[in-house]
Structure formats: C-alpha cells, structure tokens
Amino acid sequence: MEQPTTVAQAIAVQEELRGLVECVDVGTPPQYVAGLDVAYDGDRLAAAVVVLDGATLAEVDRVVVRGETTFPYVPGLFAFREVPALLAALEQLGTTPELLVCDGQGLAHPRRFGLACHLGVLTGIPAIGAAKTTFVGSHGSHGELARERGATAELVDDGEVVGAAVRTQDGIKPIYVSVGHRVTLATAVAHVLRLTPRYRLPETTRRADRACRDGLSDGWAGWGGFLADSGVEPSPTSSAAGEEAAEDEG
DNA sequence: GCGACAG
DNA sequence: ATCTTGTCGC
C-alpha cells in the first residue's frame, strides 16, 4: 500500500512508517546536501532536487522531473502529493546526497510523520524539515526567541518538543525546523544555520524552488512520465550579477 | 460546534 | 501552491 488512493489509506501508511523514523545522528558531516521542492500548474508539476557542496554551498548536481499530480493537497497528507515526483528525481541524480533538506515539516506533524520523515524513511538518507510556517505546535509561551540570527525556541505540540523555531537572519521571521530521519534536532538546526548565510531560507530550498519553478515554464513538449532535465549545466540565465531582487516566501 | 490547516 | 507592481529599506 505504498501508493494510497484514499485519505484513510494514506493515514494508514503514515501510521505504519512512523515507527521507522530514527532520531539519532549517523555518519559524518554531509559533503553533499540536497534541497527538494515541487512547483505546480494545475495538475502538472515539476519536482527539483538540487545538490550543493556542504562546505562551499556551490551547486554540484541537479535534476528536474516533470509529471502530473497523483494525490490532492490534504493538510497532513502533503507528502503523498510530492513524494512520487521527488523520488523519481532522486533516482535520476548522478550524486548521492547525505542530507535531504525538505520544504515542509518532519516530526512537527499531527502524526509525527511529515514530508521529511517520509522521504527520509523511504530513501534511508538523513533528512530534515525546514518549513516557512508552523503546522502543529507553537513556541510563543516557551520564551520569545531573540532577535539575532541563530536564536531558537522549542516548537511544542501537545506537550511534546516536535521541532524548533529558528531565526536564520537578524530580525526576520523564523523558520521551523524538525527532525526528518537519522538526525537529531540539534544537528538539524546546525545544518539549517550553515545553509542560511544570507537569506531566511536555506540555500538548498532556494535553489530547488527556483529550479522546479523554471521547470514548469520550460513547456511540456510531449512528456512520457517523469521525464528529466538534469545534469550540471553552466547556468545560462542566472549568473553572478543582478540577483538581488530574489526574496524568499512562497 | 467552528475554525485552522506544511505546500 | 498560486494570483501579483511598486515600493520601502539597508
């Protein structure tokens, strides 16, 4: 039952896989870090995986696949909408990332099995969730997080610490980080801070967002199901100068 | 009971 | 997610 059709089936899958989440650090600091995101245009979609060098944040690989939606957006079942395309993109990758930075929640989910947990468990690759807004839980009463970059506050839901609000830049809205798989919350937060030298969102997320969005524009010339446009191509459009107007937010 | 609800 | 220009600020 890996490709559920109904809400009940999807919830059953989450209940079944949630027990496989590992909340511990494994391996060495990642050399390759991947950002994943999906963009939509009606029932069509483009999923992107962009791999960056963990130390320099330079892009080393990327894959964009296009296809069609197979599951509607249902709060709490978001993963079932994005996972098929993201897995297809990961398979096309010529590199093996050691960390997946997902655009959504990990354990900060009503059933403690958000997108990051789902992708982590299915791939076995350490994964973290980095969301722009909260889904469950709050941090208000648990001490306001300081205005400075690096400040954090526990994200608590139903008396349980499910993640952390993380201020990635001075004086800007925090993002919400949670464990996906094979990582601890502290390590997940550290990774996010290393990936946000300048903007609110991780570089991985920003690059993946741009990639899948561009993938939607590039037309649909007779696709045959998750066709991929991949490889390390000398970025023709985006260059060094004039990239100052790019803001985060969805 | 009513509203809120990752992207 | 997506609809959307100019504008304020560093």
Side-chain angles (χ1 to χ4, degrees), chain A residues 7 10-11 13-14 17-18 21 35-49 64 66-87 89 100-121 127-140 147-149 155-158 162-166 168-181 185 188 192 197-202 204-217 243-250:
Chain A
V7 166
I11 291 177
V13 170
Q14 293 184 324
L17 298 179
R18 61 185 293 184
V21 172
L36 308 86
D37 196 16
V38 182
Y40 301 87
D41 174 31
D43 286 326
R44 296 181 307 179
L45 62 79
V49 176
V64 178
R66 290 175 294 184
E68 296 181 325
T69 58
T70 59
F71 204 90
Y73 169 68
V74 179
L77 302 179
F78 175 55
F80 294 96
R81 185 171 173 75
E82 309 220 322
V83 162
L86 290 175
L87 286 181
L100 305 180
V101 180
C102 308
D103 189 10
Q105 318 290 346
L107 291 177
H109 174 279
R111 282 172 296 281
R112 308 292 183 258
F113 198 71
L115 175 64
C117 297
H118 208 131
L119 279 173
V121 166
I128 68 178
K132 294 179 285 297
T133 61
T134 56
F135 184 26
V136 297
S138 60
H139 61 277
R147 179 183 182 290
E148 296 71 38
R149 161 180 158 79
L155 181 63
V156 179
D157 177 50
D158 197 28
V162 296
V166 180
T168 57
Q169 298 300 330
D170 293 356
I172 57 92
K173 290 187 302 182
I175 65 174
Y176 302 87
V177 179
S178 56
V179 169
H181 187 51
L185 181 55
V192 164
R198 175 161 190 196
Y199 298 100
R200 177 185 178 229
L201 301 180
T204 37
T205 300
R206 303 183 76 251
R207 297 295 276 271
D209 180 73
R210 279 275 302 265
C212 63
R213 197 167 297 203
D214 290 345
L216 269 186
S217 315
E243 39 93 310
E244 209 53 53
E247 288 299 319
D248 291 335
E249 295 306 302

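Each chain gets a letter, A, B and so on, in the order the sequences are listed, and its residues count up from 1. Quantities reported herein were computed from a predicted structural model and do not represent experimental measurements.
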What is the 5' to 3' range of DNA chain B, first to last nucleotide, that sits under 4.0 Å from any heavy atom of chain A? B/dC5 to B/dG7
Please output the side-chain donor-acceptor pairs of residues 112-120 of chain A that fall under 3.5 Å, not counting sequence neighbours, one pair per line with the distance.
residue	atom	partner	partner atom	Å
A/Arg112	NE	A/Glu160	OE1	3.4
A/Arg112	NH1	A/His109	O	2.6
A/Arg112	NH1	A/Asp157	OD2	3.1
A/Arg112	NH2	A/Asp157	O	3.4
A/Arg112	NH2	A/Asp157	OD2	3.0
A/Arg112	NH2	A/Glu160	OE1	3.4

Could you check whether A/Tyr40 gets within reach of a base, just the sugar-phosphate, or nothing at all, counting any heavy atom under 4.0 Å? sugar-phosphate
What is the distance from CG of A/Asp170 to P of C/dC10, rounded to the nearest Å? 14 Å
By side chain to side chain contact (heavy atoms under 4.5 Å, CB included), A/Ala211 pairs with (sequence neighbours left out) A/Ala48, A/Val50, A/Arg62, A/Val64
Using Watson-Crick or G-U wobble pairs with both distances under 3.5 Å, give me DNA chain C in dot-bracket, 5' to 3', with [ ] for crossers and | for pairs to another strand. ..........
Only counting residues at least two apart or in another chain, list the ones meeting ring-ring contact (aromatic ring centres under 6.0 Å, His included) with A/Tyr40. none
Could you work out, with side chain to side chain donor-acceptor pair (under 3.5 Å) as the rule, every residue matching A/Gln14, not counting sequence neighbours? A/Arg111
Applying side chain to side chain donor-acceptor pair (under 3.5 Å) to A/Asp43 and not counting sequence neighbours gives A/Thr69
Please enumerate all residues that pass side chain to side chain contact (heavy atoms under 4.5 Å, CB included) together with A/Pro110, with sequence neighbours excluded. A/Phe135, A/Val136
If the condition is side chain to side chain donor-acceptor pair (under 3.5 Å), which residues does A/Asp37 pass it with, not counting sequence neighbours? none
Listing for DNA chain B: consecutive Watson-Crick or G-U pair runs of at least 3, distance cutoff 3.5 Å, ranges ordered by first number, gives none
Rounded to whole Å, the CZ-C1' distance (A/Arg213 to C/dT2) equals 9 Å
Determine, for A/Asp41 against A/Arg44, whether the closest basic-nitrogen to carboxylate-oxygen distance falls under 4.0 angstrom. yes
Select base, sugar-phosphate, or nothing to describe what A/Gly129 touches, counting heavy atoms under 4.0 Å on all strands. nothing
Please state whether the rings of A/Tyr73 and A/Phe78 are parallel, tilted or perpendicular, taking 30° and 60° as the class boundaries. perpendicular
Give the rounded distance in Å between these two atoms: CG of A/Asp37 and C1' of C/dA1. 9 Å
Identify, with sequence neighbours excluded, every residue that meets side chain to side chain donor-acceptor pair (under 3.5 Å) alongside A/Thr133. none
Rounded off to whole Å, could you give me the CZ-to-P distance for the A/Arg81 and C/dA1 pair? 12 Å
For A/Thr204, what residues pass the side chain to side chain contact (heavy atoms under 4.5 Å, CB included) criterion, not counting sequence neighbours? A/Val33, A/Leu52, A/Val101, A/Leu195, A/Pro202
Can you check the A/Gln169 CD to C/dC10 C1' distance for me, whole Å? 13 Å
Determine the contact category for A/Leu77: base if any of its heavy atoms lies under 4.0 Å from a base atom, sugar-phosphate if only primed atoms, P, OP1 or OP2 are that close, otherwise nothing. base
